[in-house]
Amino acid sequence: MFCAEKRENMTFEQAKAKLSGAGQEHLLRYYEELNEEQRENLLRQIEHLDMELPKMVEHGVKEAERGVLAPLGAITLDEIDKKRESYETSGIQAIKKCKVGAVLLAGGQGTRLGLDGPKGMLNIGVDKELFLFERLVGNLMEVVEKTGAWIPLFIMTSEKNNEDTVTFFKEKNYFGYDPRYVFFFVQQMAPSVSYEGKFYMEDKDKVSTSPNGNGGWFVSLVKAGLLDEVRKFGVEWLNVFAVDNVLQKIADPVFVGAVLENKCVCGAKVVAKADPNERVGVLCLEDGKPSIVEYYEMTDEIIHSRDGEGKLLYNFGVILNYLFQVDTLVQIVEQNLPLHVVERKIPYINENGEYVKPEQPNGYKFETLVLDMIHLMDNCLSFEVERDKEFAPIKNATGVDSLESARNLMKKNGISF
């Protein structure tokens, strides 16, 4: 269901016919200048282009209207403490049977942090060298030591940082992790278009592309052939987490056990909002099914709505740490996640073959989002964690959610760096 039959590569005539019918002939503008390898590369890209994508922006971009939103509470810290022993026991049993795998989303670059390379290679140490990748692997190792079982770790990279990431892990001896349980895969890409719906080119033999959003991780894993590895290990659950949170608890037995005991097909770690206007996505119900509403989609009425005890109804923000049942993921991948059109600054080559790096948005990218994966689930356990113990994202060079703020929380948690 995920594989296509092998066939001959597209010819120049076939590519020209495909593009002419959609007004995209400019992609062949430099064909005569290319060598044979470059020509084959370009034709292969054109063959796989979805010509329906530009139609999404022909008459302006409109996001699909949201359904009826309703609050979704969480298993609170107090409630978790009461069942912690039971949850942890269930989680450890599942991990020992290799039913739990971990997926690190590490496709990003550290450009905003002054790093010319993968974000996970950022040195977050002060008194010693400590890399972001190293800290995350260390967090996972704590579970390995507690359970006595290696957890399969799947690391999603991007076309831009895959080679650097793989080389870095090898040079650092996988930070002590057993390499037999580490697998790398490259995130699928999606083309970029101008405001007029024309595909951009980033080189004379390359269509402009970008990663297909944080909802593309599972289809990327499948297309890389790693679902077979998941099945071989007997993994039934995948814990997906972001590269930029240094306090991220991975394959957390208590979280795993809570999802299992509550008979859910999905779980999401959440934190209580610091204040009503905090810019975080909030776990909620949409038309009766779990979903995530982004902060910019919320009205003032929703943001400030409270229950009879004065507690915020939309109070639990997601931290990009999810647990998904593999069988359910396979089912939803077959349904195709909705595509979101996002306005971005897109580098490109112009009609003179000159590379242009725009300072303002100049077109659209197409992304799939985790929130849509959540919404396709029948249920999702909202699992509260302590902000100061599990949420220290590094997104900015200074200020809120920066390296400085993350270091302060690491110090508070007794982590030497």
Side-chain angles (χ1 to χ4, degrees), residues 71-104 135-153 234-242 245-274 280 282-284 290 292 307 309 311-312 315-326 328 374 377-393 409-415:
L72 176 62
I75 297 183
T76 62
L77 295 172
D78 289 342
E79 292 169 327
I80 292 167
D81 279 340
K82 291 174 184 175
K83 294 187 175 182
R84 181 173 296 275
E85 187 176 341
S86 175
Y87 287 159
E88 187 169 46
T89 299
S90 297
I92 288 174
Q93 287 175 350
I95 291 167
K96 282 186 172 182
K97 293 177 181 177
C98 207
K99 290 186 176 181
V100 180
V103 182
L104 167 57
R135 182 64 237 166
L136 293 172
V137 171
N139 294 350
L140 184 57
M141 282 292 291
E142 291 176 8
V143 181
V144 172
E145 290 164 3
K146 176 179 281 190
T147 61
W150 291 101
I151 297 156
L153 173 60
V235 169
E236 297 176 6
W237 299 86
L238 289 172
N239 183 195
V240 186
F241 62 100
N245 180 3
V246 296
L247 297 183
Q248 194 92 257
K249 284 190 179 180
I250 307 146
D252 173 7
V254 180
F255 179 40
V256 172
V259 174
L260 292 174
E261 290 194 16
N262 284 278
K263 301 187 185 309
C264 292
V265 295
C266 170
K269 284 197 169 187
V270 298
V271 293
K273 290 169 72 173
V280 292
V282 175
L283 205 62
C284 66
I292 295 169
D307 63 17
E309 298 178 3
K311 297 178 181 177
L312 288 173
N315 188 42
F316 295 104
V318 291
I319 62 171
L320 219 172
N321 188 313
Y322 303 104
L323 187 67
F324 290 102
Q325 186 183 58
V326 173
T328 306
I374 298 287
M377 299 285 166
D378 289 332
N379 50 55
C380 181
L381 182 73
S382 184
F383 182 94
E384 185 183 6
V385 299
E386 289 186 62
R387 177 186 290 263
D388 285 357
K389 290 184 177 180
E390 293 199 37
F391 190 46
L409 285 172
M410 287 167 65
K411 184 176 181 180
K412 188 174 181 180
N413 282 278
I415 299 170

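Within a 6.0 Å sphere centred on CD of Glu79, other residues, nucleotides and ligands contribute more than 12 heavy atoms.
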Any chance you could lay out the side-chain contact (heavy atoms from CB on, under 4.5 Å) test for Cys266 and Thr328, step after step, and finish with the verdict?
CA-CA 9 Å; Cys266 170; Thr328 306; over 6 Å; no
Quick one, Ile75 with Asn262, criterion side-chain contact (heavy atoms from CB on, under 4.5 Å). Give me CA distance, side-chain angles, the key distance, then yes/no.
CA-CA 10 Å; Ile75 297 183; Asn262 284 278; 3.6 Å; yes
Go through the steps to decide whether Ile151 and Val143 satisfy the test side-chain contact (heavy atoms from CB on, under 4.5 Å), and finish with yes or no.
CA-CA 9 Å; Ile151 297 156; Val143 181; 3.7 Å; yes
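Applying the ring-ring contact (aromatic ring centres under 6.0 Å, His included) test to Phe391 and every residue at least two apart in sequence or in another chain returns nothing. Under the rule for a side chain to side chain contact (heavy atoms under 4.5 Å, CB included), Lys82 has no partner lying at least two apart in sequence or in another chain. Phe324 pairs by the ring-ring contact (aromatic ring centres under 6.0 Å, His included) definition with Trp217, Tyr322, not counting sequence neighbours. Residues satisfying the side-chain hydrogen bond (donor to acceptor under 3.5 Å, both in side chains) test with Thr147, not counting sequence neighbours, are none.
Identified under the salt bridge (Lys or Arg N to Asp or Glu O under 4.0 Å) test for residues 86-103, with sequence neighbours left out: Glu88-Lys146. Within the structure, salt bridge (Lys or Arg N to Asp or Glu O under 4.0 Å) pairs that include any residue of residues 256-273 comprise Asp252-Lys269, Lys269-Glu390 (at least two apart or interchain).
Of all non-hydrogen atoms in Val235 and Gly101, the two that sit nearest each other are CG1-N, 3.6 Å. Summarising the geometry of Ser382 relative to Gly73, their closest heavy-atom pair is CB-O, 3.3 Å, with the distance given to 0.1 Å. Heavy atoms only, all atoms of each residue included: Val256 and Ala94 are closest at CG1-CB, 4.3 Å. Residues Cys264 and Trp237 share a closest heavy-atom pair of O-CH2, 3.1 Å. Residues Val270 and Ala74 come closest through the heavy atom pair CG2-CB, 4.2 Å. The heavy-atom pair separating Asn239 from Ala251 by the smallest distance is OD1-N, 2.7 Å.
The shortest distance between side-chain heavy atoms of Phe241 and Val103 does not fall below 4.5 Å.
Summarising the geometry, atom CG belonging to Leu247 is positioned 9.5 Å from atom CG belonging to Leu136; distances are rounded to the nearest 0.5 Å. Distance CG/Asn315 to CG/Leu72: 11.5 Å, rounded to 0.5 Å. The CG atom of Asp388 lies 7.5 Å from the CG atom of Asn413; values are rounded to the nearest 0.5 Å. If you take NZ on Lys311 and OG1 on Thr76, they are separated by 7.5 Å, rounding to the nearest 0.5 Å. Interatomic distance, Asn139 CG to Lys249 NZ, rounded to the nearest 0.5 Å: 9.0 Å. Once rounded to the nearest 0.5 Å, the distance linking CG of Leu140 with CD1 of Ile250 reads 5.0 Å.
Between the Asn379 side chain and the Val265 main chain, a donor and an acceptor come within less than 3.5 Å of each other. A donor-acceptor pair under 3.5 Å is formed between the side chain of Arg387 and the backbone N or O of Ala272.
At a cut-off of 3.5 Å, with distance as the only test, a side-chain donor of Asn321 or Gln248 sits close to an acceptor on the other residue.
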